[in-house]
Amino acid sequence: MDLPGLVTGRLTVLALYGDTGVGTALEFALAAQGETQLVVDLGSLDRLSPDAAEILLRFAAAGAARGRLLRLAACPADAAAVLDRARGTGAAGPELYPTVPDALTAAVITAAASGTGAEPGAALRPHALRLRHQLLAQAWIARAQGMLVERYGLRNPQAAGTLLRAVARAHGMTRAVLAAALTRTPRPGPGEPGFPDTGPTAQPAVGFLGSPGALPLTQAAFLDALRDAVCAVAHARMADVQLLDRSDNTLWLESHCGFPDVFVRFFAVIDDAVTTACGEAARKSERVVVEDVVTAPYFDEDSRAVLLAAHCRSLQSTPIPGAGGLPQGMFSTHHARPGHAYTAAELGALDRIAEEAGAWLDWHRRTTLHRALEDLYDRARMI
């Protein structure tokens with residue numbers, strides 16, 4: 001993947017599985033990557049041999065001399081111990097990170113700083129967050145390809161990648177979403193027909209859409225209908241719907257209306273580094289009502305300036321409940337004048353919409369992923 005700002009301009013995620021043995025295959029795989037920043041995912045590693053540890057240390061030292069860092073992620077404790085024994089006293093080694101996202105975050109911050117030594121600023125933050133998620137998606141895909149090769153005997157990771165792409169396209173999702181579901185779901189046991197579905201299969205009732213037969217077929221269409229429903233209840237011309245990515249607690253703008261392009265770009269994806277009312281509502285798992293954006297404590301100056309430039313003076317943000325009562329998203333309605341008062345009936349209607357939306361999103365995610373995993377399982381066994 002291209003990563004402007006890094007010394008080599010590229011970053012590669014390499015996933016290791018099983019037993020490294022004497023490390024011959026590992027050495028070949030590392031050498032084949034060429035001049036690139038490397039993140040090595042060790043989360044599925046059963047055993048790191050001393051020979052393989054020496055290879056990692058050698059590549060780390062050689063890469064560091066050329067500004068090509070080697071980052072190890074999700075390193076098991078026994079593998080870390082092997083690395084420590086192989087590394088001499090005071091000798092440098094690869095950088096260790098608890099998770100792949102942590103390693104990718106370090107790479108993205110390095111790239112976004114572009115040699116300035118500074119953290120990404122407000123203008124660069126959405127780009128850096130998107131880049132981090134693209135890298136994380138590549139890590140999930142690499143891990144899933146390795147699992148398909150190991151479980152079903154596919155001839156190589158490229159064949160596994162082709163299968164992932166075909167199944168994901170057939171079920172209207174990205175390869176990364178399907179890959180993440182595969183790596184997080186226990187494999188079917190011997191004699192089991194496939195992946196068990198533990199939830200209800202009937203579509204939940206959604207009042208603002210009418211009868212169950214009127215439910216949209218895609219999540220994007222549902223989120224647009226949700227946006228229109230909350231606009232109607234709150235008598236608002238500006239509204240947005242965000243979904244929460246629990247892997248790093250980022251909020252992603254999925255549907256919106258009434259905002260200028262600057263607003264959409266700034267709030268396309270936000271994390272804990274940005275102070276907003278929607279972020280506060282997500283952290284507290286409760287609605288936040290802002291009477292005046294000018295004086296409210298929920299905003300940093302960058303986000304406040306963008307809101308005011310979009311003529312947003314008052315707003316409310318309501319969490320969409322998910323599993324265990326934790327938010328899985330957020331919808332917000334905005335008004336051009338300060339002090340907009342929401343009636344008890346309006347707030348009650350927004351709460352009902354949030355509950356219905358949460359139930360539908362849970363159902364849609366579970367059933368869509370279950371069908372896709374079953375399809376992947378069936379196709380992989382036939383190859």
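Just so it is clear, the model here is predicted, and its values are computed rather than measured.
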Min side-chain heavy-atom separation [X]-[Y] under 4.5 Å:
| X | Y | result |
| --- | --- | --- |
| Leu226 | Ser255 | no |
| His256 | Val241 | no |
| Leu315 | Val293 | yes |
| Leu42 | Leu48 | no |
| Leu373 | Leu178 | yes |
| Leu369 | His171 | no |

Heavy-atom donor-acceptor pair, [X] side chain to [Y] backbone, under 3.5 Å:
| X | Y | result |
| --- | --- | --- |
| Arg246 | Pro327 | yes |
| Gln328 | Leu244 | no |
| Gln145 | Ala142 | no |
| Thr183 | Ala180 | yes |
| Ser285 | Ala281 | no |
| Ser303 | Phe299 | no |
| Glu356 | Gly207 | yes |

[X] [atom1] to [Y] [atom2] distance, which is reported to the nearest 0.5 Å:
| X | Y | atom1 | atom2 | result |
| --- | --- | --- | --- | --- |
| Trp252 | Phe267 | CH2 | CZ | 15.5 Å |
| Leu96 | Leu83 | CG | CG | 6.5 Å |
| Glu291 | Arg337 | CD | CZ | 16.0 Å |
| Cys257 | Asp228 | SG | CG | 6.5 Å |
| Glu54 | Phe59 | CD | CZ | 13.0 Å |
| Phe263 | Leu307 | CZ | CG | 5.5 Å |

Exercise. Evaluate the side chain to side chain contact (heavy atoms under 4.5 Å, CB included) criterion for residues Phe208 and Val233: first the C-alpha distance (whole Å), next the side-chain angles of each, then the deciding distance (0.1 Å), finally the verdict.
Key: CA-CA 10 Å; Phe208 62 85; Val233 168; over 6 Å; no

Quiz item: Should Phe266 and Phe259 be marked as a ring-ring contact (aromatic ring centres under 6.0 Å, His included) after you check the CA-CA gap, both sets of side-chain angles, and the distance that decides it?
Solution: CA-CA 11 Å; Phe266 185 88; Phe259 299 111; over 10 Å; no

So, [X] and [Y], do they make that salt bridge, N to O below 4.0 Å?
| X | Y | value |
| --- | --- | --- |
| Asp362 | Arg366 | no |
| Asp240 | Arg227 | no |
| Glu374 | Arg371 | no |

Quiz item: What do the steps show when you test Glu301 against Arg304 for salt bridge (charged side-chain N to carboxylate O under 4.0 Å, His left out), and what is the final call?
Solution: CA-CA 5 Å; Glu301 293 313 307; Arg304 193 190 312 274; 3.4 Å; yes

Quiz item: What residues form a side-chain contact (heavy atoms from CB on, under 4.5 Å) with Arg169, not counting sequence neighbours?
Solution: Arg165

Taking atom [atom1] of [X] as the centre, report whether more than 12 heavy atoms of other residues, nucleotides or ligands fall under 6.0 Å from it.
| X | atom1 | value |
| --- | --- | --- |
| Arg237 | CZ | no |
| Glu346 | CD | yes |
| His311 | NE2 | no |

Quiz prompt | For Arg58, salt bridge (Lys or Arg N to Asp or Glu O under 4.0 Å) partners two or more places apart | solution = Glu27

Exercise. Identify whether NZ of Lys or CZ of Arg in Arg184 sits under 6.0 Å from the centre of the six-membered ring of Trp140 and within 45° of that ring's axis.
Key: yes

Self-check item: His340 and His335 aromatic ring geometry - parallel, tilted or perpendicular at 30°/60° bounds
Solution: parallel

Quiz prompt | Working for salt bridge (charged side-chain N to carboxylate O under 4.0 Å, His left out), residues Glu355 and Arg352 | solution = CA-CA 5 Å; Glu355 291 288 341; Arg352 287 191 296 274; over 6 Å; no

Practice problem: Would you check, one step at a time, whether the test side chain to side chain contact (heavy atoms under 4.5 Å, CB included) holds for Cys278 with Val288? | Solution: CA-CA 7 Å; Cys278 56; Val288 168; over 6 Å; no

Quiz item: Stepwise, does the side chain to side chain donor-acceptor pair (under 3.5 Å) test hold for Asp271 with Thr250?
Solution: CA-CA 5 Å; Asp271 63 359; Thr250 47; over 6 Å; no

Self-check item: Worked check of side chain to side chain contact (heavy atoms under 4.5 Å, CB included) between Val230 and Leu350
Solution: CA-CA 7 Å; Val230 299; Leu350 293 176; 4.0 Å; yes

Quiz item: Among pairs that include at least one residue of residues 312-324, which meet side chain to side chain donor-acceptor pair (under 3.5 Å), considering only residues two or more places apart or in two chains?
Solution: Arg287-Thr318, Asp292-Arg313, Gln316-Thr318, Gln316-Thr333, Ser317-Ser332

Quiz item: What's the verdict on side chain to side chain contact (heavy atoms under 4.5 Å, CB included) for Leu243 and Leu253, showing C-alpha distance, side-chain angles and the deciding distance?
Solution: CA-CA 7 Å; Leu243 292 183; Leu253 186 62; over 6 Å; no

